[in-house]
Amino acid sequence: MKKPMIGVLPLYDEHKESYWMLPGYMKGIEVSGGIPVMLPLTTDSEILWNLAQTMDGFLFTGGHDVNPELYHEETMEVCGTLCKDRDTMESVLFQHVLQMDKPAFGICRGLQLFNVLLGGALYQDLPLQFQPETRSSIVHKQKPPYSQPVHQLKLAEGTQLHQILQTDSLRVNSYHHQGIKELAKPLVAAATAEDGLIEAVVMPNQRFMIAVQWHPEFMYQEDEPSFKLFTAFVKACQGER
């Protein structure tokens, strides 16, 4: 069977003015049977349309905070670095993905982006906004090594994520300071942390639209659920359900 070509959204270093990539995003796809292709950082509508048509699926990576303007909030001082070009590129590409029903896998920022673009909102900073409110002691931004799980999740039965992982609970790594505050109506919460924070979402009726807050790209070599996520994504990009 022909291997699917999967577009990987680029990371950007504004200090070095360079594109870059974490190996785990690429290797996770490769060892699962796909061909990862790092995309250019572009807002050109014609290029984005061509990429949407050409690629068999898309991995929306982590990185910059999503601009609060996209969920109608003022940017707080605690909000991290923004990248306007990434927001624009990914917003346009995401709409093409929805319309074409192309498989999409979101990681960290990817989860937050899916939620915002579908009408949800975010906590701009969990330590300031979420953790005092919930009195949460869960570590959501761990120190290296990032391959080590640090907290527990509960998975929702009946979701596509539950069907893939075949488990009711999961231990995951965690490296984020933002999270879902208001879940977008088209999405379903597929996993939650013990403090109630939504850590995974799925979009029913799409072939494959799953996003997770944790980082399987750091864990897929040793962690079976992380590998299962990449494998299921690649199979969806091959046209398997």
Side-chain angles (χ1 to χ4, degrees), residues 3-4 6 8-9 11 20-36 38 57-63 103-115 126 136-180 187-203 208-238 240-241:
K3 292 187 175 184
I6 298 173
V8 182
L9 275 296
L11 306 177
W20 66 285
M21 184 53 59
L22 285 167
Y25 291 129
M26 309 293 276
K27 284 295 183 181
I29 291 171
E30 186 179 336
V31 300
S32 300
I35 301 174
M38 190 178 97
F58 294 89
L59 173 57
F60 287 78
T61 54
F105 183 22
I107 293 177
C108 196
R109 170 189 161 91
L111 172 134
Q112 297 161 12
L113 182 85
F114 289 9
N115 186 59
L126 295 178
S136 173
S137 60
I138 291 178
V139 176
H140 285 289
K141 194 171 185 179
Q142 73 187 84
K143 295 180 180 179
Y146 300 124
S147 59
Q148 298 300 311
V150 293
H151 71 77
Q152 195 85 6
L153 300 181
K154 182 179 180 181
L155 274 66
E157 293 185 15
T159 66
Q160 190 177 14
L161 182 67
H162 189 270
Q163 292 165 4
I164 291 168
L165 299 184
Q166 292 292 298
T167 184
D168 295 329
S169 62
L170 189 68
R171 283 191 64 78
V172 297
N173 59 2
S174 191
Y175 191 74
H176 62 108
H177 84 107
Q178 298 196 321
I180 292 177
L187 297 176
V188 171
T192 54
E194 291 173 316
D195 58 11
L197 189 70
I198 295 172
E199 294 259 346
V201 298
V202 298
M203 187 171 180
F208 186 104
M209 184 163 287
I210 295 177
V212 300
Q213 186 64 78
W214 67 94
H215 289 270
E217 76 275 14
F218 288 121
M219 300 176 68
Y220 72 92
Q221 292 175 304
E222 303 170 358
D223 180 65
E224 184 180 4
S226 296
F227 182 67
K228 281 182 175 180
L229 274 173
F230 276 106
T231 301
F233 172 51
V234 171
K235 285 183 176 179
C237 294
Q238 285 178 312
E240 298 182 31
R241 289 184 180 266

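Excluded from the calculations below are hydrogen atoms, water molecules and symmetry mates; all remaining heavy atoms, backbone and side chain alike, are included.
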Heavy-atom check, side chain of I210 versus side chain of I164, under 4.5 Å: yes
Audit row: L9, Y25, side chain to side chain contact (heavy atoms under 4.5 Å, CB included) steps and yes/no: CA-CA 10 Å; L9 275 296; Y25 291 129; over 6 Å; no
Separation between SG of C237 and NZ of K3, rounded to the nearest 0.5 Å: 13.5 Å
CD1 on I35 to CD1 on I6, rounded to 0.5 Å: 9.0 Å
Pairwise side-chain contact, N115 with V201, heavy-atom cut-off 4.5 Å (strictly under): no
Step-by-step side chain to side chain contact (heavy atoms under 4.5 Å, CB included) determination, V188 to T159: CA-CA 8 Å; V188 171; T159 66; 4.2 Å; yes
Any M203 side-chain heavy atom under 4.5 Å of F114 side chain: no
Non-hydrogen atoms of F230 and G24 that approach each other most closely: CZ-O, 4.0 Å
Gap between atom CZ of R171 and atom CG of D223 - 0.5 Å precision: 11.0 Å
Nearest non-hydrogen partners of P36 and V8, listed with the distance: CB-CG2, 4.1 Å
Spatial distance of atom CG (L197) from atom CD1 (I180) [nearest 0.5 Å]: 7.5 Å
More than 12 heavy atoms of other groups within 6.0 Å of E224 CD: no
Residue K27 excluded, over 12 heavy atoms near NZ under 6.0 Å: no
Polar side-chain atom of Q142 near backbone of Q148 as donor-acceptor pair, under 3.5 Å: yes
Atom pair CE (M38) and CH2 (W20), whose distance is rounded to the nearest 0.5 Å: 10.5 Å
Side chain to side chain donor-acceptor pair (under 3.5 Å) between H140 and D195, worked out: CA-CA 11 Å; H140 285 289; D195 58 11; 2.8 Å; yes
For V202 against L161, the heavy-atom pair lying closest together: CG1-N, 4.1 Å
Donor-acceptor side-chain pairing of Q178 and H176 below 3.5 angstrom: no
Shortest non-hydrogen contact between H162 and T167, atoms and distance: CD2-O, 3.1 Å
Q160 CD to L165 CG distance, which is reported to the nearest 0.5 Å: 10.5 Å
P216 to I107 - nearest heavy-atom pair and separation: CG-CD1, 3.9 Å
Nearest heavy atoms of Y146 and M219, plus distance in Å: O-CG, 4.2 Å
Stepwise side chain to side chain contact (heavy atoms under 4.5 Å, CB included) test for S174 and K141: CA-CA 6 Å; S174 191; K141 194 171 185 179; over 6 Å; no
Option passing side-chain contact (heavy atoms from CB on, under 4.5 Å) with E199 (candidates L153, L155, L170): L153
V139 side chain reached by H151 side chain, heavy atoms, under 4.5 Å: no
Partner set under ring pair (Phe, Tyr, Trp, His ring centres under 6.0 Å) for F233, not counting sequence neighbours: F105, F208
